[in-house]
Protein chains: 2
Amino acid sequence: MNLSSVGEGEDSGARYSTEGGQRSRSSDALRAAQMYYLQDLTMNAIARELRTSRSTVSRLLSMARDTGLVEIQVNNPRHRAPSLENEIRRRFGVEAHVVPVSEMVSDSEVLDRVAIQAARTIGPLVDSDAIVGVAWGSTLSAVSQHLSKKVTHDSTIVQLNGAGNTQTTGIAYASEILRRFGQAYGARVEQFPVPAFFDHAETKTAMWAERSVIRILELQQRMTMAIFGVGSTNSGIPSHVYSGGYLDDADLRALTAERVVGDVATMFFRADGSHRDLRINQRSTGPDLDLLRQVPRRICVVSGESKISGLCGALAAGLPTDLILDEASARWLVQSEGL
Amino acid sequence: MNLSSVGEGEDSGARYSTEGGQRSRSSDALRAAQMYYLQDLTMNAIARELRTSRSTVSRLLSMARDTGLVEIQVNNPRHRAPSLENEIRRRFGVEAHVVPVSEMVSDSEVLDRVAIQAARTIGPLVDSDAIVGVAWGSTLSAVSQHLSKKVTHDSTIVQLNGAGNTQTTGIAYASEILRRFGQAYGARVEQFPVPAFFDHAETKTAMWAERSVIRILELQQRMTMAIFGVGSTNSGIPSHVYSGGYLDDADLRALTAERVVGDVATMFFRADGSHRDLRINQRSTGPDLDLLRQVPRRICVVSGESKISGLCGALAAGLPTDLILDEASARWLVQSEGL
DNA sequence: AATGCTGATGCACAGACGTGCACGAATGAG
DNA sequence: CTCATTCGTGCACGTCTGTGCATCAGCATT
């Protein structure tokens with residue numbers, strides 16, 4: 001569970017260096033994983049064969065899972081009855097991953113469970129040489145805490161939009177998310193050290209001509225995957241962007257007047273998906289939505305019914321290709337027949 | 001564990017038909033699997049959400065595993081130290097899967113554990129539209145008992161060589177192996193109802209012109225995968241072929257005189273892999289080794305050091321592309337530097 | 001209607017499992 | 001050398017999990 005306890009490179013093990021018997025901690029983990037998951041031995045039996053204690057085997061196994069040595073996948077047979085997934089695919093043209101959650105659990109638990117499953121769903125999709133754009137926000141923060149390791153080469157995590165606001169540079173918050181992604185996949189991390197919104201559109205124009213910024217923008221153009229949540233304006237609980245000091249009162253009034261329903265990576269849109277004529281987007285540092293739509297795989301993580309109106313806008317705009325959301329929201333989405 | 005208890009098609013469940021709540025046993029299994037393996041809930045928590053008992057959840061999960069709903073794979077990072085796998089690949093040009101087994105366990109347990117791991121290794125390799133050739137013998141029998149289900153379409157299991165001998169038609173034995181493969185992958189099963197060896201080569205020639213036989217031979221020519229063990233002559237424990245009434249004394253003497261070291265699917269070969277001039281092969285119903293070598297994926301399962309000399313011959317003949325064997329045998333193989 | 005059969009269920013128990021804790025071996029700094 | 005730190009280990013405890021058993025609902029047969 002505790003990623004930081006997992007040795008980064010080879011065995012820094014104290015014990016193994018002298019034992020000579022060619023055994024490293026990670027090779028023991030591999031043997032244990034094979035015996036446990038492939039041969040169905042008990043941990044006790046494995047402990048005897050490895051001449052160690054059962055608890056060590058337990059720890060070896062959890063390390064094997066955390067480091068991606070063991071991969072567990074749940075296949076969803078599509079050819080089954082008209083499931084929520086199928087219905088969403090038919091209606092919105094996105095691949096849905098519905099997280100089963102009974103309606104009795106709290107919102108924060110829903111978020112947590114969606115995040116865990118999102119992390120496990122994303123894992124297998126990240127390959128070597130990938131360029132993964134990552135947004136920030138409470139959803140992504142939760143997801144980032146549950147990523148498990150996977151070995152990739154020459155992959156890059158790039159920040160989708162600036163995180164600074166009038167109070168902080170936002171670095172501590174957004175970069176922590178990015179860092180976790182980078183660590184999980186052994187990827188380079190490219191931060192985007194700009195505020196979420198400029199005060200003046202001209203500043204953005206100027207900055208967008210700076211080479212340090214251009215480097216990030218070019219990376220974004222070559223993204224193979226993008227991971228983001230959605231913001232929703234009319235939600236009871238306003239999401240991070242709407243309450244964190246990023247927007248002033250005038251901005252918020254403008255959003256309402258323009259019938260904005262939500263945002264992805266601080267780029268706003270209306271319920272019909274339109275966004276080009278929104279003034280505020282000219283000051284936002286998020287990726288142009290036309291650019292975003294060119295990314296081959298665009299994964300949207302949504303937890304909680306408060307985000308449905310924003311999600312509908314994102315779907316209307318054709319932003320996600322894959323959608324990970326909790327069951328209750330999925331039902332809502334399907335039942336919002338009107339749209 | 002008990003494959004026969006797993007419902008074949010949809011839910012024949014008695015309870016669900018009346019419950020109306022859109023829930024089938026298999027959809028419950030999917031939800032349970034997602035919650036258990038993707039969200040890390042305990043079975044108790046899952047039981048509460050599904051409004052059932054914990055033991056039912058336990059059974060749902062084991063069903064989900066058996067039916068291939070959940071797949072667990074152990075990735076072997078090749079870039080590691082000079083492992084046995086790497087050494088075998090380098091020396092013999094085959095992909096090795098070494099089954100970790102300490103030296104203290106009995107031969108029969110080794111066989112069992114190799115068989116379990118072989119079954120799990122083979123599973124992911126069988127796809128739709130595959131034509132899988134399967135031999136018979138004690139090794140394959142053990143493997144067949146541990147296959148877990150996987151949904152495929154239009155795949156075929158074809159028997160590699162006849163199983164009849166002077167005492168029985170061999171059908172009960174070989175067909176049971178085939179049947180298990182067929183059931184696991186939802187595949188058609190094509191038996192090969194001929195003896196393992198004809199008494200006279202002319203009979204084989206005649207039979208090989210029969211359309212019923214030609215149909216099988218044509219299937220064999222289109223195999224996409226072949227799965228077999230090896231027989232070994234000089235082993236302490238003679239394998240099935242050498243003791244089951246398939247060969248008479250004269251045959252056995254001839255094998256010794258010709259310096260035969262083993263067989264694959266009742267086609268014999270010497271230590272150097274040569275086989276064409278062996279008289280007995282003209283009466284064997286196994287696939288010509290040149291034909292076998294044309295199959296894209298050829299998986300050889302070996303358990304026990306007694307089979308090493310036979311295995312060496314098979315490797316010299318270039319028969320397997322993939323080799324699943326126990327660790328002790330793997331060490332022996334690597335240490336037999338002389339060859 | 002009565003009967004037997006199949007298969008899912010819950011209970012209860014034994015065994016398997018995860019984890020906080022204290023200990024000791026290796027490592028590095030002073 | 002000595003001390004502090006780090007990290008892997010085994011123990012012990014409480015929880016979690018697999019499974020034999022008895023039960024019961026549905027279905028088919030007599």
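Letters A, B, ... are given to chains in the order of the sequence lines, protein chains preceding strands, and every chain is numbered from 1.
M63(B) has its CE atom 8 Å from the P atom of dA8(C), to the nearest Å. Rounded to whole Å, atom C1' of dT17(D) lies 14 Å from atom CG of D40(A). Distance CG (L60(B)) to C1' (dA8(C)): 10 Å, rounded to an integer number of Å. Across the protein-nucleic acid pair, R51(B) atom CZ and dG10(C) atom C1' stand 17 Å apart, rounded to whole Å. D28(B) has its CG atom 12 Å from the P atom of dA8(C), to the nearest Å. Atom CG in L50(B) sits about 11 Å away from atom P in dT9(C), given to the nearest Å.
Residues M35(B) and E49(B) are in side-chain contact: their nearest non-hydrogen atoms beyond the backbone lie under 4.5 Å apart.
Here D112(A) pairs with nothing under the salt bridge (charged side-chain N to carboxylate O under 4.0 Å, His left out) rule; sequence neighbours left out. With sequence neighbours excluded, the residues satisfying side-chain hydrogen bond (donor to acceptor under 3.5 Å, both in side chains) with S55(A) are S53(A). Every residue meeting the side chain to side chain contact (heavy atoms under 4.5 Å, CB included) condition with V189(A), not counting sequence neighbours, appears here in chain and number order: I157(A), L178(A), Q191(A). For Q73(A), there are no side-chain hydrogen bond (donor to acceptor under 3.5 Å, both in side chains) partners two or more places apart in sequence or in a different chain. When the side-chain hydrogen bond (donor to acceptor under 3.5 Å, both in side chains) test is applied to S141(B), no partner is found at least two apart in sequence or on another chain. Applying the salt bridge (charged side-chain N to carboxylate O under 4.0 Å, His left out) criterion to D127(B), with sequence neighbours excluded, gives K150(B). Annotation: side-chain hydrogen bond (donor to acceptor under 3.5 Å, both in side chains) contacts of Y37(A) (sequence neighbours excluded): R65(A). A search for salt bridge (charged side-chain N to carboxylate O under 4.0 Å, His left out) contacts involving R179(A) returns E176(A), not counting sequence neighbours. In this structure, R188(A) has no salt bridge (charged side-chain N to carboxylate O under 4.0 Å, His left out) partners at least two apart in sequence or on a different chain.
Between T52(B) and dT9(C) there is no side-chain N or O to OP1 or OP2 distance below 4.0 Å.
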Table of protein N/O atoms under 3.5 Å from nucleotides 20-22 of chain C N/O atoms:
none

Mind listing the N/O atom pairs, protein and nucleotides 13-17 of chain C, below 3.5 Å?
| from | atom 1 | to | atom 2 | distance (Å) |
| --- | --- | --- | --- | --- |
| dC17(C) | OP1 | Y36(A) | OH | 3.1 |
| dC17(C) | OP2 | M43(A) | N | 2.8 |

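Bending across the helix from dA1(C)-dT30(D) to dG30(C)-dC1(D), expressed as the angle between its end axes from five pairs apiece, amounts to 30° (10° rounding).
Here E85(B) does not pair with R89(B) in a salt bridge; the nearest charged N to carboxylate O distance is not below 4.0 Å.
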